[in-house]
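Below, each value reflects all heavy atoms present in this structure, side chains not excepted, and no hydrogens, waters or symmetry copies. Letters go in sequence order (proteins before strands), and every chain restarts at 1.
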Number of protein chains: 2
Amino acid sequence: MKVSQRGLYALKALLHLAGRWEEGIVATREIAEREEIPEKFLESILVVLKNARVVESRRGREGGHRLRRPPAEIVVGDVVRLLDGPLAPFGDATELTRLVASEPRHAGLFDLFLDVRNAAAAILDHTTLADLLERDRKILVARRRRGGVPET
Amino acid sequence: MKVSQRGLYALKALLHLAGRWEEGIVATREIAEREEIPEKFLESILVVLKNARVVESRRGREGGHRLRRPPAEIVVGDVVRLLDGPLAPFGDATELTRLVASEPRHAGLFDLFLDVRNAAAAILDHTTLADLLERDRKILVARRRRGGVPET
DNA sequence: CAAATATCCTACTAATCCTGTAGGAATACT
DNA sequence: AGTATTCCTACAGGATTAGTAGGATATTTG
């Protein structure tokens, strides 16, 4: 499994929307500027996210995007799969299962790959956007305690 | 992390050599034929494996390749890293650690990626070629018991 | 020494993926 | 009507992937 720049942008954008969940609709430009994502590129990503019903959009003036569900109900694994394909290091879970069951050679190898994909899925499929926001917060607090650098 | 066709070929070739570890040297052509890998492509892969001191080669007639160490001492994680780069889904472990420690935004996300890479590393770095051969054997036995199809 | 055979090295190619850009059409708010 | 924003299509340059081709180099056998 590999997370592309595009996938990373998608996650950052969603985290941005999650952080401002109460505010409602946010425009592409604003996300792009704050998260340092090329605006036109982000546009195309948001369309994908919209078609997958992760996000909903409003056009025209005062338009923009917002999460379709609360941050605690959006799973990181789904977003990664949507943008960057299956979590398995080779092929996908179904293909690997088939190979383990039918390949005369190297079934063990595919079985190993299946273990890796299951380990990744176990982590990514039970982490939500809300979890990540919480995690951000905790890391920041810990960093501050460890001799953070509050300016002056 | 993504295992390419090239990486898969490398692992298959190494498993082939591991299976015939006692026999000593095996020619590229033979591996290519038995494992159904394009010969010239396999050649280039074996050079990489040789430069990384995983395999040793002898030229000329009766030449070929063999593992430099016994199968139980060759770790899958190292092979994957060699052919397909870091195990992390984004960047590598060092970069992710740095990002978690210094990024003002989304440190939690990079921390999550670090968890994924650690989970993958935990699996791949403690599985050897010998483990995989054993695994192959077990799968075959289990398959046979479950109503295998012994011809006629 | 010569022939045969295998690895090793360099270069090239075709296809696909990745990371964007550009321009405009459709839509919705003021 | 005017303006701001999403949405759609097309394209482009660079990197990566999966090989191919041809020959130089080394080594064993006759």
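Counting only heavy atoms from C-beta on, Pro38(A) has its side chain closest to dG20(C) among dT3(D), dC7(D), dG20(C). Set against dT6(D), dC8(C), dC29(C), the side chain of Arg61(A) has dC29(C) as its closest nucleotide. Relative to the side chain of Arg58(A), the nucleotides dC29(C), dG20(C), dT6(D) differ in distance, and dC29(C) lies closest. Distances from the side chain of Arg59(A) to the nucleotides dT20(D), dT27(C), dT21(C) place dT27(C) closest. Nearest nucleotide to the Gln5(A) side chain, out of dG19(D), dG20(C), dC9(C): dG20(C). Comparing dG19(D), dA21(D), dG23(C) by their closest approach to the side chain of Lys40(A) singles out dG23(C).
Between Ser4(B) and Glu62(B), the residue anchored closer to the 5' end of DNA chain D is Ser4(B), taking for each the nucleotide with the nearest heavy atom. Between Val47(A) and Gly63(A), the residue whose closest nucleotide on DNA chain D is further toward the 5' end is Gly63(A).
Side-chain N/O atoms of Lys50(A) include none lying less than 4.0 angstrom from OP1 or OP2 on dT6(D). Distances shorter than 4.0 Å separate none of the side-chain N or O atoms of Ser44(B) from OP1 or OP2 on dC9(C). Residue Tyr9(B) places at least one side-chain N or O under 4.0 Å from the OP1 or OP2 atom of dG19(D). Contact annotation: Arg29(B) reaches the phosphate of dA6(C) (side-chain N/O to OP1 or OP2, under 4.0 Å).
Between Glu56(B) atom CD and dA26(D) atom P the separation is 18 Å, expressed in whole Å. Between Phe41(A) atom CZ and dG14(D) atom C1' there is a gap of 14 Å when expressed in whole angstrom units. As a whole-Å value, the separation of Glu39(A) CD from dT21(C) C1' is 12 Å. In this entry the distance linking CD1 of Ile37(B) with P of dT20(D) reads 13 Å, nearest Å. Glu30(A) places its CD atom 10 Å from the P atom of dT6(D), with the value rounded to the nearest Å. A straight line from CG of Leu46(B) to C1' of dC9(C) spans 15 Å, rounded to a whole angstrom. Per the geometry, NZ belonging to Lys2(B) stands 14 Å off P belonging to dT16(C), to the nearest Å. The separation between Arg6(A) atom CZ and dG20(C) atom C1' is 11 Å, rounded to whole Å.
Interatomic distance, CG of Leu87(A) versus CD1 of Ile123(A), reported as 10.5 Å (0.5 Å rounding). Rounded to the nearest 0.5 angstrom, Asp111(B) CG and Thr97(B) OG1 are separated by 9.0 Å.
Taking a cutoff of 4.0 Å between a charged side-chain nitrogen and a carboxylate oxygen, Asp115(B) and Arg135(A) qualify as a salt bridge. Between Glu56(A) and Lys50(A) no salt bridge is recorded (no basic side-chain N to carboxylate O distance below 4.0 Å).
Glu35(A) and His106(B) form a side-chain donor-acceptor contact under 3.5 Å, judged by distance and modelled atom types alone.
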